[in-house]
Amino acid sequence: MGRITTRPRPELILKQQLQELFAAAVERLKRDGVLAPDQQVAVRFERARQKQHGDFATNMALSLAKTCGQAPRKLAQLIIDALPAAPEIVKVEIAGPGFINVFLAADSQSQVVGAIRDAGNGYGRSTLGAGQKVVIEFVSANPTGPLHVGHGRGAAFGDSLARLLAATGFAVVTEYYVNDAGRQMDILAVSVWLRYLELCGEQIAFPDNAYQGDYIFDIAATVHREHGDRYRHPGDTVCADIDGQDLELQLDSLIQRAKMLLGQEGYRHVLGVGLNALTADIRGDLEQFNVNFDRWYSERSLIDDHHLDNALQALAKSGNVFERDGALWFRSTAFGDEKDRVVVRENGAPTYFASDIAYHLNKLERGFDRLIDVWGADHHGYMPRMKAALQAMHYDPDRLVVLLVQFAALYRGGEKVSMSTRTGEFVTLRELRQEVGTDAARFFYVQRKAEQHMDFDLDLAKSQSNENPVYYVQYAHARICSVFRQAAEKHIDTGDLDGADLSLLGEDHEIALVNTLSRFPEVVENAAVNYEPHQVAYYLRSLANDFHTYYNAHNFLGVAPNLRRARVALIDATRQVLANGLELIGVHAPDKM
RNA sequence: GCGCCCAUAGCUCAGCUGGAUAGAGCGUUGGCCUCCGGAGCCAAAGGUCACAGGUUCGAAUCCUGUUGGGCGCGCCA
């Protein structure tokens, strides 16, 4: 109650100590009978947007005024009168309808520079998550082709989010769910096999709805190189009697024929070559994109390890599974879904939904408190049934958090690029990376909040990559490193920064920079709690701006030693925060560019 | 038809969960290095926050409706 202590983390003086001071004032007003003893008071401070409003402002008097029947400004005065004395506070004033503006002593803020340099790459980290176990699943694209730029956005977002949550004290595991079972895999196997047959010299009518991409040829060539004619069958035999039906049925017929002609072993081999080639490709692609998953979770292993059976049993045990038209259904409508869903098809094969239920049940059984899924926005209709399944199995559906990432609409030459995996018309993540660079691409993606539609202008990203904001931020970091190199070359002493007199940092640009530096922990926490990595990107831009402005206005090395130490300490802290922030979004902080 | 997302400067986007005079980048116009990196800095112009109501001390933000755009509504994944 009204406990006022000096915090071990000076950067928190700014906000947290203010909150404690004002909470103490509230307690006193309760004792004096101005406020009801059971009055709930949320003391919240915001950083003032304008200098005239001081450093921090609270609207507590405004929000309290109604319930306690006092005029806002009068109540604000009572709060101020009840405030304990504190050396950090220079002035407190009432403004507008009843805001309380707080002005802090300049050097109480500049102490943050020392705190940052002490904390190093730990500055901005917190224990907010209290070790809560979180699994974040993202990308999870079918291994039926290379990743495209849409997956890139999910990858940049999911990975940055994982870094943010880890930095705020959550125990984070990242997973890529590999859909290596089911019909899509069969289509992949058939696609590879047909291209292989073409390489053998067979005449084949390659179906429009099989995978068209060039990478299928490459995989087929591998099979052909390693096995020669071993899987060859006459084109007539392969394609016999499959005309005239529905296209999807034709494909199913081809799948059946492939299984029959190749035998189980041969079929599994062809499929395996395709699967391995594509997962290796995806994994390498993501590594180059600075995304490394803790675990690649195989859908097929879920089936082989009987997790699927267990999940279906758990679901059945809850009394929400029934049979209709020869299939097994989950009564998801009982939990708010708009229609019931098939879990086992008429032909006995489990649906994708069924194995996904098993996967999510498995995550919960592995002890994760929170399951975060990053999905493409086109899957939003899938969310109610997934939550329904968890609820049916007696888990709190709110433990599953689904974050939807909108597609990035690509523009090239002013025209929208249409994309389809089947037709092979898509821009791959690899192409984007090679043309724009990982750092620029990641920054570009993560600048937009996930649920916002995004226009990705390829021409702009490629041809004007120097205009990309990521260079602005990286340049600030490189520039600071360069100052230190200059100091070393010219034998200018920049030692003993720990002993710098930070109260010398009184210029407007310095105060602004210090202020931005002190905001970092709040930004990180806020970004993590709201699952919004873009806040970090915006913060970094603003920090880089404060630095560049300062750099332009003042000299760091060519001033008196005391001032020089203070200024160098300040830009050293800035360098640290730039590096910490870039790390959170998976972008490099180069020493030179 | 039903459901979800979205609409802010010419363009691309922020807006701290309801606060004070709505902000950046790009583009446009005009300035700034004998000096630590000009991939930088400063300044100007640019807005009916899609539209109409409502909630309250106070709305870009919350509620309802309208318009316009994206996506979804499979025994596909």
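None of these values were measured; they are calculated from a predicted model. Per chain, numbering begins at 1; letters A, B, ... match sequence-line order.
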From B/rC36, B/rA20, B/rC41, nucleotide with atom closest to A/Ala95 side chain: B/rA20
Watson-Crick or G-U wobble mate for B/rG72, both contacts under 3.5 Å: B/rC2
hbond_proxy A/Asn101 side chain to B/rA20 base (donor-acceptor, 3.5 Å cutoff): yes
Among B/rC75, B/rC36, B/rC5, the one nearest A/Gln406 by side-chain distance: B/rC5
Nearest-Å distance for atom pair CG/P, residues A/Asn526 and B/rU17: 7 Å
Shortest side-chain distance from A/Arg541, nucleotide among B/rA20, B/rG25, B/rG37: B/rG25
Contact under 4.0 Å: A/Gln447 side-chain N or O vs B/rG25 OP1/OP2: no
Spacing between A/Asp546 atom CG and B/rG25 atom P, to the nearest angstrom: 12 Å
C1' gap between B/rU48 and B/rA22, integer Å: 13 Å
Sugar-phosphate, base or nothing in reach of A/Glu46, heavy atoms under 4.0 Å: sugar-phosphate
Side-chain N or O of A/Asn59 closer than 4.0 Å to phosphate OP1/OP2 of B/rG58: no
Counter-base of B/rC62, judged by Watson-Crick or G-U geometry with both distances under 3.5 Å: B/rG54
Upstream residue (5' side of RNA chain B) when A/Thr549 and A/His380 are each assigned their closest nucleotide: A/His380
Whole-Å distance separating the CZ atom of A/Arg44 from the C1' atom of B/rU17: 7 Å
N/O (side chain, A/Arg345) to phosphate O (OP1/OP2, B/rA77) under 4.0 Å: yes
Side-chain-base donor-acceptor pair under 3.5 Å for A/His379 and B/rG72: no
Protein-nucleotide distance (A/Arg47, atom CZ; B/rG19, atom C1'), rounded to Å: 17 Å
Short side-chain N/O contact from A/Gln452 to OP1 or OP2 of B/rA14, under 4.0 Å: yes
Sugar-phosphate only, base, or nothing, as touched by A/Ala553 at under 4.0 Å among non-hydrogen atoms: nothing
Partner nucleotide of B/rC16 by Watson-Crick or wobble geometry (both distances under 3.5 Å): none
A/Glu137 vs A/Lys363, salt bridge (Lys or Arg N to Asp or Glu O under 4.0 Å): CA-CA, chis, key distance, verdict: CA-CA 10 Å; A/Glu137 180 207 332; A/Lys363 291 184 200 174; 3.0 Å; yes
Distance-only polar pair, side chains of A/Asp356 and A/Tyr382, donor-acceptor under 3.5 Å: yes
Aromatic ring proximity A/Tyr359/A/Tyr177, centre distance under 6.0 Å: yes
B/rC41 versus B/rG27 - spacing of their P atoms, nearest Å: 13 Å
Under 3.5 Å donor-acceptor, A/Thr58 side chain and A/Arg44 backbone: yes
B/rU61 versus B/rU17 - spacing of their P atoms, nearest Å: 15 Å
Donor-acceptor under 3.5 Å (A/Arg385 side chain, A/Asp337 main chain): no
Counter-base of B/rA7, judged by Watson-Crick or G-U geometry with both distances under 3.5 Å: B/rU67
A/Phe547 CZ to B/rC42 P, straight-line distance once rounded to whole Å: 13 Å
Syn/anti state of B/rU21 by chi, 90° boundary around 0: anti
Nearest-Å distance for atom pair CD/C1', residues A/Gln50 and B/rG19: 12 Å
Residue whose nearest RNA chain B nucleotide is more 5′ - A/Phe444 or A/Tyr475: A/Phe444
Counter-base of B/rU48, judged by Watson-Crick or G-U geometry with both distances under 3.5 Å: none
Base-pairing assignment for B/rG40 (Watson-Crick or G-U wobble, both under 3.5 Å): B/rC32
Ring-ring centroid check A/Phe520 A/Tyr539, cutoff 6.0 Å: yes
Short side-chain N/O contact from A/Tyr472 to OP1 or OP2 of B/rC41, under 4.0 Å: yes
A/Arg183 side chain near B/rA77 phosphate (N/O to OP1/OP2, under 4.0 Å): no
Check: A/His548 ring centre within less than 6.0 Å of A/Tyr472 ring centre: yes
Near-ring test A/Phe45/A/Phe22, centroid separation under 6.0 angstrom: yes
Phosphate-side-chain proximity, A/His534 and B/rG15, N/O vs OP1/OP2 below 4.0 Å: yes
Distance in angstrom units between A/Glu451 CD and B/rG15 C1', rounded: 14 Å
Distance, rounded to the nearest Å, where A/His477 contributes NE2 and B/rG40 contributes P: 17 Å
Under-4.0 Å side-chain N/O to phosphate OP1/OP2 contact, A/Lys339 with B/rG74: yes
